[in-house]
Amino acid sequence: MLTIALTGGIGSGKSTVADRFTRLGVPILDADVLAHALTAPGEPTLEEIRAVFGPGVIQPDGALDRAALRRIVFDDPAARRRLEAILHPRIRVRMLAWLGEVRAPYAILVIPLLFETGQSDLADRILVVDLPEDEQVRRVQSRSGLDAAEIHRILATQASRAERLAGGDDRIDNSGDLAALEAQVKRLHHLYLDLAQPVG
Ligand code: ATP
């Protein structure tokens, strides 16, 4: 089965693109959703995170305090690597298990930090959702109310637009409206169906 990795920077439109592929019947698995499932109360992964980062990252109700964990790893690359070393191998195992079960011409893995975490080898092709950085900032601001400085700090921890475009096979330009995005999704859907079932 053909496997596509869908990636892009914060607020670039990954979820919106994934939703349009879902509507076309394409099976999709999102690494962020897996990360949430793995860190649900009672999960062994959450226990490991508690052991490494301390009780301060667990809320009184037993759930992961994501904001507290984010604060710890944001300015500390070594801590971020420790967290990634806990999460990423497990996410990878679950993705591979899912790919082994899915029956479809092609499937999509949404991996926001594909390049940052060296997971490009998981897929046959890489699809980059692309947006100029100033528009990323505008869309994240209108969605979340984060201030521009905070968004720029997040952008600085992610691969640059140029790095992503250099590493991708396909690109969706999401600087237009939703109709323009949908048209590009449909074109790629047909490309992927063709690639999945080569003539002859
Ligand atoms: P994150 O990295 O934060 O998970 P994302 O890459 O999944 O974000 P989306 O949530 O799909 O991005 O989009 C970010 C915001 O921009 C959302 O509020 C979404 O509704 C909006 N958006 C997406 N595409 C467009 C578009 N073409 N025109 C206008 N707004 C858009």
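Going from atom OH of Tyr192 over to atom CD1 of Ile108 covers 7.0 Å, rounded to the nearest 0.5 Å. Atoms OG and CG, from Ser12 and Asp130 in turn, are 8.0 Å apart once rounded to the nearest 0.5 Å. In this structure, CZ on Arg81 lies 13.0 Å from NE2 on His88, to the nearest 0.5 angstrom. Here CG of Leu131 is found 8.0 Å from CG of Asp134. Values are rounded to the nearest 0.5 Å. Rounding to the nearest 0.5 Å places CG of Asp124 at 9.0 Å from CE of Met1. The structure places OG1 of Thr7 at 7.5 Å from CD1 of Ile111, a figure rounded to the nearest 0.5 Å.
For residues 19-66, there are no ring-ring contact (aromatic ring centres under 6.0 Å, His included) pairs, not counting sequence neighbours. Screening residues 98-109 for side chain to side chain donor-acceptor pair (under 3.5 Å), with sequence neighbours left out, gives Tyr106-His189. Residue pairs meeting the ring-ring contact (aromatic ring centres under 6.0 Å, His included) criterion with at least one partner in residues 158-188, sequence neighbours excluded, are absent. For residues 179-188, the salt bridge (Lys or Arg N to Asp or Glu O under 4.0 Å) pairs, not counting sequence neighbours, are Arg20-Glu182.
Linking Ile, Leu, Val, Met, Phe, Trp and Tyr whenever their side-chain heavy atoms come within less than 4.5 Å puts Leu181 and Leu191 in one cluster. Clustering ILVMFWY residues whenever any of their side-chain heavy atoms sit less than 4.5 angstrom apart, transitively, puts Leu83 in a cluster other than the one holding Ile10. Val93 and Leu96 end up in different hydrophobic clusters when Ile, Leu, Val, Met, Phe, Trp and Tyr side chains are linked at under 4.5 Å. Ile154 and Leu113 fall into different hydrophobic clusters, defined by Ile, Leu, Val, Met, Phe, Trp and Tyr side-chain heavy atoms under 4.5 Å apart, directly or through other members. Follow the hydrophobic side-chain contacts under 4.5 Å out from Val33 and you never reach Leu38; the two are in separate clusters.
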List the atom pairs, donor and acceptor, that lie under 3.5 Å between side-chain atoms in residues 23-31 and the rest of the protein, sequence neighbours left out.
{"residue": "Arg23", "atom": "NE", "partner": "Asp19", "partner atom": "OD2", "Å": "3.2"}
{"residue": "Arg23", "atom": "NH2", "partner": "Asp19", "partner atom": "OD2", "Å": "3.0"}
{"residue": "Asp30", "atom": "OD1", "partner": "Asp32", "partner atom": "N", "Å": "2.8"}

Side-chain atoms of residues 67-76: list all donor-acceptor pairs with protein atoms under 3.5 Å, sequence neighbours left out, distances to 0.1 Å.
{"residue": "Asp76", "atom": "OD1", "partner": "Ala78", "partner atom": "N", "Å": "3.2"}
{"residue": "Asp76", "atom": "OD1", "partner": "Ala79", "partner atom": "N", "Å": "3.1"}

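Partners of Arg153 by side-chain hydrogen bond (donor to acceptor under 3.5 Å, both in side chains), not counting sequence neighbours: none found. By the side chain to side chain contact (heavy atoms under 4.5 Å, CB included) test, Arg50 is found to be paired with Glu47, Ile58, residues two or more places apart in sequence or in another chain being considered. Among residues two or more places apart in sequence or in another chain, the side-chain hydrogen bond (donor to acceptor under 3.5 Å, both in side chains) test is passed with Thr45 by Arg90. For Gln141, there are no side-chain hydrogen bond (donor to acceptor under 3.5 Å, both in side chains) partners at least two apart in sequence or on another chain. Take Arg66 and apply the salt bridge (charged side-chain N to carboxylate O under 4.0 Å, His left out) test, not counting sequence neighbours, and it matches no residue. Residues forming a side-chain hydrogen bond (donor to acceptor under 3.5 Å, both in side chains) with Asp121 (at least two apart in sequence, or on another chain): Arg92.
Counting only distance, with no hydrogens or angles, the side chain of Lys14 and the backbone of Val129 share no donor-acceptor pair below 3.5 Å. Checking side-chain atoms of Gln184 against main-chain N and O of Ala180 turns up a donor-acceptor pair under 3.5 Å. A donor-acceptor contact shorter than 3.5 Å links the side chain of Arg164 to the backbone of Ala159. Glu163 places a side-chain N or O within 3.5 Å of a backbone atom of Ser160 that can act as its donor or acceptor partner.
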field: Step-by-step side-chain contact (heavy atoms from CB on, under 4.5 Å) determination, Leu114 to Ile126
entry: CA-CA 9 Å; Leu114 181 79; Ile126 296 170; 3.7 Å; yes
message: I'd like to know whether Leu64 forms a side-chain contact (heavy atoms from CB on, under 4.5 Å) with Gln59, so could you lay out the CA-CA distance, the side-chain angles of the two residues, the decisive distance to 0.1 Å, and finally the verdict.
response: CA-CA 6 Å; Leu64 179 62; Gln59 293 173 338; over 6 Å; no
message: Is there a side-chain contact (heavy atoms from CB on, under 4.5 Å) between Leu127 and Asp169? Walk through the geometry before answering.
response: CA-CA 6 Å; Leu127 168 56; Asp169 301 290; over 6 Å; no
field: Residues Gln136, Ile151; criterion side-chain contact (heavy atoms from CB on, under 4.5 Å); working and verdict
entry: CA-CA 9 Å; Gln136 275 180 274; Ile151 300 167; 6.0 Å; no
field: Intermediate values then yes/no, salt bridge (Lys or Arg N to Asp or Glu O under 4.0 Å), Arg80 and Glu84
entry: CA-CA 6 Å; Arg80 187 173 325 139; Glu84 286 172 356; 5.2 Å; no
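Ser175 is not listed as a side-chain neighbour of Glu135, based on a closest heavy-atom distance of 4.5 Å or more. Within the 4.5 Å cutoff, the side chain of Met95 has heavy atoms near those of the Leu34 side chain.
The shortest non-hydrogen separation linking Val128 to Gly168 is CG2-CA, 3.8 Å. Closest non-hydrogen pair, Ala35 versus Ile91, comes out as CB-CD1, 4.0 Å. Of all the heavy atoms in Val110 and Ala18, the pair that sits closest is CG2-CB, 4.1 Å. Of all heavy-atom pairs spanning Leu46 and Pro41, the tightest one is CD2-CA, 3.8 Å.
Shown are Thr3, Ile4, Leu6; of these, the side-chain contact (heavy atoms from CB on, under 4.5 Å) with Arg125 is made only by Ile4.
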